[in-house]
Protein chains: 2
Amino acid sequence: MATTQTGSQAVERASALLGLIVESGTPRTFSSLVDELGLAKSTTSRLLQALERNRLVHRDRAGAFRPGALFSLHAARPSALHDLSELARPTMEHLSDLSRETVNLAVPRGGALVQIDQVDSCYMIGAANWVGVDVPAHCTALGKVLYAYGALALPLGNLERRTAHSPVDHAQFDHALVEVRRRGWAASLDELELGLTAVGAPVRTVDGTVVAAVSVSGPTNRINEYGITKLGDLLVAELRGLSALLGHQPAQKKGST
Amino acid sequence: MATTQTGSQAVERASALLGLIVESGTPRTFSSLVDELGLAKSTTSRLLQALERNRLVHRDRAGAFRPGALFSLHAARPSALHDLSELARPTMEHLSDLSRETVNLAVPRGGALVQIDQVDSCYMIGAANWVGVDVPAHCTALGKVLYAYGALALPLGNLERRTAHSPVDHAQFDHALVEVRRRGWAASLDELELGLTAVGAPVRTVDGTVVAAVSVSGPTNRINEYGITKLGDLLVAELRGLSALLGHQPAQKKGST
DNA sequence: TCAATAAGTTCCACACTATGGAACCGCTGT
DNA sequence: ACAGCGGTTCCATAGTGTGGAACTTATTGA
């Protein structure tokens with residue numbers, strides 16, 4: 001009845017299970033899945049078995065469910081991150097239109113920050129390529145965002161000093177991250193290079209986990225002229241839409257139970 | 001009837017579709033999916049719609065199907081590669097047992113080679129950490145494997161010379177890759193560091209695509225003693241099992257059609 | 001050691017839901 | 001305008017998924 005959509009109920013339910021398992025980064029127990037979807041234990045069990053047979057979920061030795069080999073397989077492909085870029089492209093281009101500056105997308109990978117896509121500024125100056133470039137994350141807006149929201153493990157060793165403005169004191173840096181969380185966005189003024197300023201904000205999944213960050217960057221004077229706070233708020237607002245893309249609208253359906 | 005497994009036919013079929021879409025790295029057309037699974041167009045259409053609603057597949061503007069946002073989402077998580085490591089762990093440990101040397105796992109990422117896991121040699125000497133370390137791929141067995149099978153785009157610029165044995169000539173390097181493809185494994189003798197030798201082989205998906213590489217490495221004298229060819233063949237044999245893990249057994253079922 | 005509780009799987013009759021063929025729709029090329 | 005192609009919607013049918021209960025294993029407590 002409810003939402004009366006043509007088609008497959010079983011597939012719909014199985015997909016919902018998969019969604020829960022993949023979106024919550026942590027392993028899910030059988031019973032938590034039963035509770036959350038409100039399906040009969042038997043049904044849930046059968047669906048999960050089917051998914052497991054097809055390598056869509058994997059139950060670890062503790063019996064908890066995690067994304068299966070097909071997901072790992074996809075993640076290992078070089079094109080995987082490109083896919084994320086594709087999802088993010090429209091938003092990034094829109095941000096570039098609005099700010100007229102360079103926009104970057106980064107994810108945490110192997111304890112470091114990896115910039116995976118970029119939309120260039122329309123100005124001549126400021127259009128450098130950052131994709132794949134190795135930068136000290138603590139000096140960047142992207143890095144601060146990922147640090148602030150736990151997407152990247154906090155740096156333990158010395159904080160490299162790139163410029164006179166680079167953060168090098170751990171306590172002070174931690175405090176800066178608190179500020180990032182409060183505002184919802186991060187900035188880096190002349191911290192990586194003199195004259196280079198960036199503002200970044202998080203991309204979240206539906207459960208709130210931060211999986212990526214987007215930044216707008218350009219010459220410090222131009223960015224200041226535009227207004228750092230204005231940029232930060234703009235980013236947060238625009239990325240809300242992107243985050244929604246990654247999430248799954250609850251599609252509140254009256255359970256038959 | 002055939003294989004008469006209890007449970008969900010619809011989910012099974014939908015999963016099969018997903019498998020096809022994810023495993024073949026390239027976008028799949030609707031009709032190719034219909035052909036390959038032998039299901040009715042209507043059925044296929046409905047299943048794909050359900051998968052699309054749940055972000056498991058995504059149809060691009062050309063109408064072709066690719067893995068959906070849930071896959072991108074998972075790939076963006078730092079834990080994604082860790083998952084691949086987990087799949088590979090048993091094989092890697094077995095290889096380490098057999099060879100008594102250090103075993104490494106690498107995937108291509110952003111045009112570079114990323115080592116994502118390691119099982120240490122049981123010897124004191126030779127147990128260095130390579131995970132996350134940035135190395136010139138053309139000087140490594142792992143890199144050669146990924147280059148040889150197109151998992152990594154061929155290097156364009158100058159080939160960095162790390163030692164007197166490093167390959168620096170493009171034509172010669174290309175020829176070496178031909179040899180790698182012929183043998184099925186790659187070696188790097190003193191090319192990255194003097195006294196360091198590695199042998200690597202590919203990890204494939206069911207459709208033959210190479211998504212990762214595994215290497216065994218140690219002091220040149222110990223590796224030579226063991227036998228490079230013997231190691232190469234061992235790797236190829238052991239990785240067949242790992243590749244199978246990533247693949248999907250065809251589960252030949254007589255179509256009802 | 002044994003009983004009691006919990007966690008998950010298998011069984012089964014019922015009815016709902018997925019199925020495939022045909023009709024239908026919207027393009028593209030001619 | 002029409003034929004040809006790729007894909008979706010419709011519909012009656014029966015095959016398949018469903019939930020409750022019984023059953024099987026772990027886990028806990030005494």
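Reminder, nothing fancy here: chain letters follow the sequence lines and each chain counts from 1.
- When the P atom of D/dG20 is taken as reference, atom CG of A/Leu39 falls 11 Å away, rounded to whole Å.
- Distance, B/Glu52 CD to D/dT8 C1': 13 Å, rounded to whole Å.
- One atom, CZ of A/Arg13, and another, C1' of C/dT17, lie 10 Å apart when rounded to the nearest Å.
- Rounded to an integer number of Å, the gap from A/Arg28 CZ to C/dA7 P is 15 Å.
- A donor-acceptor contact shorter than 3.5 Å links the side chain of A/Ser99 to the backbone of A/Leu95.
- Between A/Arg46 and D/dT18, a side-chain N or O to OP1/OP2 separation shorter than 4.0 Å is present.
- Listed for the A/Asp60 side chain is a donor-acceptor partner under 3.5 Å among the backbone atoms of A/Ala62.
- Taking the six-membered ring where tryptophan is involved, the planes of B/His74 and A/Phe71 are perpendicular, since the angle between them exceeds 60° and thus also 30°.
- For the side-chain contact (heavy atoms from CB on, under 4.5 Å) test, residues two or more places apart in sequence or in another chain that qualify with B/Val210 are B/Leu146, B/Tyr149, B/Ala151, B/Pro202, B/Arg204.
- Across the protein-nucleic acid pair, B/Glu12 atom CD and C/dT17 atom C1' stand 17 Å apart, rounded to whole Å.
- Phosphate proximity of C/dT10 to A/Gln49: present, with a side-chain N or O under 4.0 Å from OP1 or OP2.
- Considering only the side chain of B/Ser42, D/dT9 comes nearest among D/dT18, D/dT9, C/dC11.
- For the side-chain contact (heavy atoms from CB on, under 4.5 Å) test, residues two or more places apart in sequence or in another chain that qualify with B/Ser31 are B/Thr29.
- Atom pair A/Leu17:CG and D/dT18:C1' shows a separation of 14 Å (rounding to whole Å applied).
- In summary, of the residues considered (A/Asp97, A/Thr102, A/Leu105), a side chain to side chain contact (heavy atoms under 4.5 Å, CB included) with A/Met92 occurs for A/Leu105 alone.
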Using atom names, set out every protein N or O paired with an N or O of nucleotides 5-7 of chain D below 3.5 Å, distance rounded to 0.1 Å.
residue: D/dG7; atom: OP2; partner: B/Ser31; partner atom: N; Å: 3.3
residue: D/dG7; atom: OP2; partner: B/Ser31; partner atom: OG; Å: 3.3
residue: D/dG7; atom: N7; partner: B/Lys41; partner atom: NZ; Å: 2.8
residue: D/dG7; atom: O6; partner: B/Lys41; partner atom: NZ; Å: 3.3

